[in-house]
Visitor: 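Following this message is one structure expressed as structure tokens.
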Amino acid sequence: MRRAFRITAVGLAGGALAIGVGISPSLAGTPAPGPAVASAVAPAAEEQIFDIHSTADALRAPSTARPGAATFRTTTDAQGSGTVGLARPHPGVGWDEFRTVLRKVIQNDPDDIIAGSRELESTADLLGGTVIYPGMKASFSQKLETGSYFLFDFSHIHDATPRYQTLQVSGEPAGALPQAETTLTATMDGDEPVYELSAPVRAGQPLRFVNSMPARQPAEAIVFKLEDGVTEEELVAWFDKFGDHGEFPPGEDPLGYGPGALPLTPGQAQVVDLPLQPGRHIVIDWFRDANDAVMLLKKGHYKIIEVV
């Protein structure tokens, strides 16, 4: 996907697989919270399903839920919106503090990326989400515990009016996570970041995405359909044109737009349902290394897969 985070073109460092880190404006003072409209409450049935709709100027999202499994169905009608994530702040952390730290992580300044990655570890847990575009539908499922969460649009995290909704979780446990036959894991093979796939990815079927990276290292999985004839060598040549810390190269983007699974904190997992079609795809992680701020993509964190 051409990341909605690429401010100029980014994904959350961001389809129906799981996101990327965006290129953003310089950090400014913390603005007041942006518009968010509470649109749903936990249904009485055991299965908790919520609809989240991101527009050009608002985020319609639930404000309450019960503990246990919850599925969030995401849609957008605006280009540049629709990168909806979920985070669990640590005790005493409010939205402004969380947003300030996250903004350091999803930009291109290496010192801020390294500092922000260290601060994020003690600020909040990233619990995934989905990247979509107008005309796409996706969902992500996560286990919730009693307490407070933030639902927010990564695409607008640097805006003067960021879109977010506080989700309060309380009551009796309910729900079970969707079953997924295939697991995609972000992990390390020696010094190299890799994706491991337990079984073929099937169109229209849920996918479990797991972050098994080292401490402090968020991971995402953004999926792009590859055009016929595009070779891995051509893609790597394009990756090599990126700046070490995420600066997009000039010229044609061979990937276009794709859905994906947004970032998870190490040790976390989510189940996503992405709008994937049969064919050849590439999974990409747009995040930077938490230790040296170099793009994980430039270190080889991608995988070409066949969706069946």
Visitor: Going by the rule ring pair (Phe, Tyr, Trp, His ring centres under 6.0 Å), which residues pair with F72 if we only count those two or more places apart in sequence or in a different chain?
Guide: F50, F140
Visitor: A quick test of your reading: do over 12 heavy atoms of other residues, nucleotides or ligands sit less than 6.0 Å from CG of D240?
Guide: yes
Visitor: With sequence neighbours left out, write down each residue that passes salt bridge (charged side-chain N to carboxylate O under 4.0 Å, His left out) with R216, or none if nothing qualifies.
Guide: none
Visitor: Which residues pass the ring pair (Phe, Tyr, Trp, His ring centres under 6.0 Å) test with F239, not counting sequence neighbours?
Guide: Y302
Visitor: L126 vs L264, test: side chain to side chain contact (heavy atoms under 4.5 Å, CB included). Steps then yes/no.
Guide: CA-CA 5 Å; L126 300 179; L264 295 166; 5.7 Å; no
Visitor: Using a 3.5 Å distance criterion without hydrogens, assess whether the side chain of N211 forms a donor-acceptor pair with backbone atoms of Q217.
Guide: yes
Visitor: Using modelled atom types and a 3.5 Å cut-off, is there a donor and acceptor pairing between side-chain atoms of H245 and backbone atoms of N108?
Guide: no
Visitor: Go through it in stages, so that I can follow the logic: the residues are T161 and H156, the test is side chain to side chain contact (heavy atoms under 4.5 Å, CB included), and I'd like the CA-CA distance, side-chain angles, deciding distance and then a yes or no.
Guide: CA-CA 8 Å; T161 54; H156 301 285; over 6 Å; no
Visitor: Could you label the plane-to-plane angle of the F152 and F98 rings as parallel, tilted or perpendicular, counting under 30° as parallel and over 60° as perpendicular?
Guide: perpendicular
Visitor: More than 12 foreign heavy atoms under 6.0 Å from CZ of R73: is that the case here?
Guide: yes
Visitor: Apply side chain to side chain contact (heavy atoms under 4.5 Å, CB included) to the pair Q268 and R88, showing each step before the final yes or no.
Guide: CA-CA 12 Å; Q268 298 293 337; R88 180 174 55 222; 3.8 Å; yes
Visitor: Among D285, D191, D292, find the one that has a salt bridge (Lys or Arg N to Asp or Glu O under 4.0 Å) with K299.
Guide: D292
